[in-house]
Protein chains: 2
Amino acid sequence: MSATQPTSSEMRQQMAPLCSVFRRYLKSKGLKYTTERADVLDAIIARDGLFEAEELLLELRKRGHRVSKATSYRTISLLLEAGIIVQALFDSKQAHYQLIYGKEPRDHMVCMKTGTLVEFHSPELTAVRNRICRELGWTPVGHRFQIYAVSPNAPKT
Amino acid sequence: MSATQPTSSEMRQQMAPLCSVFRRYLKSKGLKYTTERADVLDAIIARDGLFEAEELLLELRKRGHRVSKATSYRTISLLLEAGIIVQALFDSKQAHYQLIYGKEPRDHMVCMKTGTLVEFHSPELTAVRNRICRELGWTPVGHRFQIYAVSPNAPKT
DNA sequence: GTCGGTGCAAATGCTTTGCATTGAT
DNA sequence: ATCAATGCAAAGCATTTGCACCGAC
């Protein structure tokens with residue numbers, strides 16, 4: 001069911017641990033790999049899914065790491081640039097982020113009554129994306145698909 | 001109350017139903033259909049596409065309507081509840097909104113280099129959505145598909 | 001030793017809210 | 001007449017930034 005054929009260099013990158021991917025990115029930009037940045041990435045890996053900035057701070061505290069809110073946000077920003085995480089925006093309240101590097105993109109279905117969130121993966125969407133990009137001459141990078149629906153166990157009112 | 005005369009047949013067709021849909025929604029909630037709310041909906045119809053809160057205010061001013069920022073936001077909120085518009089979130093900076101009622105959903109492709117935005121419509125996405133909902137027993141309401149890509153005219157760096 | 005990084009607190013900017021006044025029904 | 005709606009300005013809140021000190025290379 002896989003729609004994209006990763007190139008060999010992509011495969012190589014995917015197999016490398018995330019931390020070296022991040023380290024490599026930082027080095028390429030002349031930036032430093034600090035303990036705080038390592039701690040933030042560890043906490044994100046530990047959550048392994050959707051997270052928001054505040055939750056990330058809690059996870060860091062839970063693991064006994066003291067990283068300021070500012071550094072946390074600054075690291076999130078770097079991880080976005082590095083393509084290790086992406087934003088997943090559900091509402092205008094706050095941003096959610098998602099560990100994406102080396103993973104198949106996950107799509108989301110949200111219940112409009114209960115707020116229940118279901119993750120799913122549909123490779124055909126990647127095919128649609130690639131076809132549309134090809135038609136317009138664009139180079140695909142990523143995509144997000146969100147379904148708004150009502151779950152079967154939502155109250156009938 | 002002075003209803004603005006529609007200037008094109010397209011607008012005339014669209015305006016009547018939308019305004020009654022909104023009026024009906026408000027009545028069902030025991031709320032009032034005020035000139036300010038009508039003006040906001042008119043301005044949204046005039047833009048006929050993606051808009052953000054600040055742009056909406058400019059459109060209102062352009063049409064000679066004085067609606068406060070607060071009322072504008074409050075009306076946007078009501079239109080969201082009524083299912084007439086939906087949020088289209090591209091970044092965590094600010095919300096974008098989209099007139100959706102009675103239209104096929106429009107999807108978006110964003111250039112990650114230039115910020116160029118292209119709208120497209122892909123009916124097969126609706127089919128994918130409906131199939132996934134059916135499989136899980138959910139009732140589909142809407143969906144959003146966003147492609148992140150690089151446009152052909154973006155600088156190569 | 002050099003810069004870049006960090007933490008803190010203050011700033012930013014979109015969005016929401018309290019309150020006195022206005023207006024739709 | 002009644003009670004919701006409006007406008008203004010102030011408040012909220014997630015996120016960003018300025019600055020003085022700290023630490024990775």
Side-chain angles (χ1 to χ4, degrees), chain A residues 19-20 22-44 50-61 64-82 85-97, chain B residues 1-3 19-20 22-44 50-58 60-61 64-82 85-97:
Chain A
C19 116
S20 25
F22 192 29
R23 208 191 307 231
R24 197 180 317 141
Y25 174 79
L26 291 172
K27 180 164 275 177
S28 79
K29 295 284 178 180
L31 304 175
K32 293 169 184 171
Y33 183 71
T34 64
T35 43
E36 286 84 358
R37 287 173 182 172
D39 288 348
V40 168
L41 182 53
D42 281 358
I44 289 172
L50 235 43
F51 66 95
E52 45 185 89
E54 203 57 44
E55 290 175 355
L56 184 58
L57 278 176
L58 290 177
E59 179 69 38
L60 283 161
R61 297 283 134 73
H65 294 145
R66 268 177 274 99
V67 179
S68 74
K69 189 175 282 192
T71 294
S72 178
Y73 272 109
R74 286 190 271 234
T75 305
I76 284 173
S77 180
L78 289 168
L79 290 166
L80 284 170
E81 288 170 25
I85 62 175
V86 292
Q87 284 189 320
L89 307 161
F90 294 105
D91 55 70
S92 46
K93 286 270 144 206
Q94 71 205 126
H96 291 242
Y97 306 90
Chain B
M1 127 176 96
S2 62
C19 126
S20 25
F22 191 29
R23 210 192 303 234
R24 197 180 316 138
Y25 174 79
L26 291 171
K27 180 162 276 178
S28 79
K29 295 283 180 182
L31 304 174
K32 292 167 184 170
Y33 184 72
T34 65
T35 44
E36 286 83 358
R37 286 173 183 172
D39 288 347
V40 169
L41 182 53
D42 282 357
I44 289 172
L50 234 42
F51 65 94
E52 45 185 87
E54 205 58 43
E55 290 175 353
L56 184 58
L57 279 175
L58 290 176
L60 283 161
R61 298 282 136 72
H65 293 146
R66 271 178 273 98
V67 178
S68 71
K69 188 175 284 193
T71 294
S72 178
Y73 273 109
R74 286 189 272 234
T75 306
I76 285 174
S77 180
L78 289 168
L79 290 166
L80 284 170
E81 288 170 26
I85 62 176
V86 292
Q87 284 189 321
L89 305 161
F90 294 105
D91 55 70
S92 46
K93 285 270 145 210
Q94 72 204 122
H96 291 242
Y97 305 91

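Keep in mind that this is a model prediction, so the values were computed, not measured. By convention in this document, chain letters (A, B, ...) are assigned in the order of the sequence lines, proteins followed by strands, and residues within each chain are numbered from 1.
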(message) Pick the closest DNA chain C nucleotide for B:S77 and for B:K32 by heavy atoms, then say which residue is nearer the 5' end.
(response) B:S77
(request) Give the rounded distance in Å between these two atoms: CD1 of A:I76 and P of D:dT15. (result) 8 Å
(message) For the backbone of A:K69 and the side chain of A:R74, can you confirm whether one donor and one acceptor N or O come within less than 3.5 Å of each other?
(response) no
(request) Could you state the atom-to-atom distance from OH of B:Y33 to P of C:dG23 in whole Å? (result) 18 Å
(message) Using only atom types and a distance under 3.5 Å, with no angle test, would you say the side chain of A:T75 pairs donor to acceptor with the backbone of A:T71?
(response) yes
(request) Nearest whole angstrom, please: distance from the C1' of C:dG13 to the CG of B:L57. (result) 14 Å
(message) If I take atom CZ in residue A:R37 and atom P in nucleotide C:dG4, what distance separates them, rounded to the nearest angstrom?
(response) 12 Å
(message) Taking 4.0 Å as the cut-off, does a side-chain nitrogen or oxygen of B:Y73 come that near to OP1 or OP2 on C:dT15?
(response) yes
(message) Are the side chains of B:F22 and B:V40 in contact, using a 4.5 Å heavy-atom criterion?
(response) no
(message) Does the protein touch nucleotides 7-12 of chain D at the base, only the backbone, or not at all? Give it as B, S and - per nucleotide, heavy atoms under 4.0 Å.
(response) BB----
(request) Send over the distance from B:H65 NE2 to D:dT6 P, rounded to a whole Å. (result) 14 Å
(request) Could you grab the distance from atom CG of A:L79 to atom CD1 of A:I44, nearest 0.5 Å is fine? (result) 5.0 Å
(message) I need the B:R24 CZ to B:L26 CG distance, nearest 0.5 Å.
(response) 11.0 Å
(request) Specify the separation, in whole Å, of atom CG of B:L79 and atom P of D:dA5. (result) 13 Å
(request) Give, for atom CZ of B:R66 and atom CZ of B:R61, the distance between the pair rounded to the nearest 0.5 Å. (result) 9.0 Å
(message) What's the separation between atom CG in B:L57 and atom OH in B:Y73, rounded to the nearest 0.5 Å?
(response) 7.5 Å
(message) Without decimals, in angstroms, what is the distance between A:E81 CD and D:dT16 P?
(response) 11 Å
(message) On DNA chain C, does the nearest nucleotide to A:K93 precede the nearest nucleotide to A:T34 from the 5' side, or the other way round? Give the residue.
(response) A:T34
(request) Would you mind reading off the distance between A:L31 atom CG and D:dG23 atom C1', rounded to a whole angstrom? (result) 15 Å
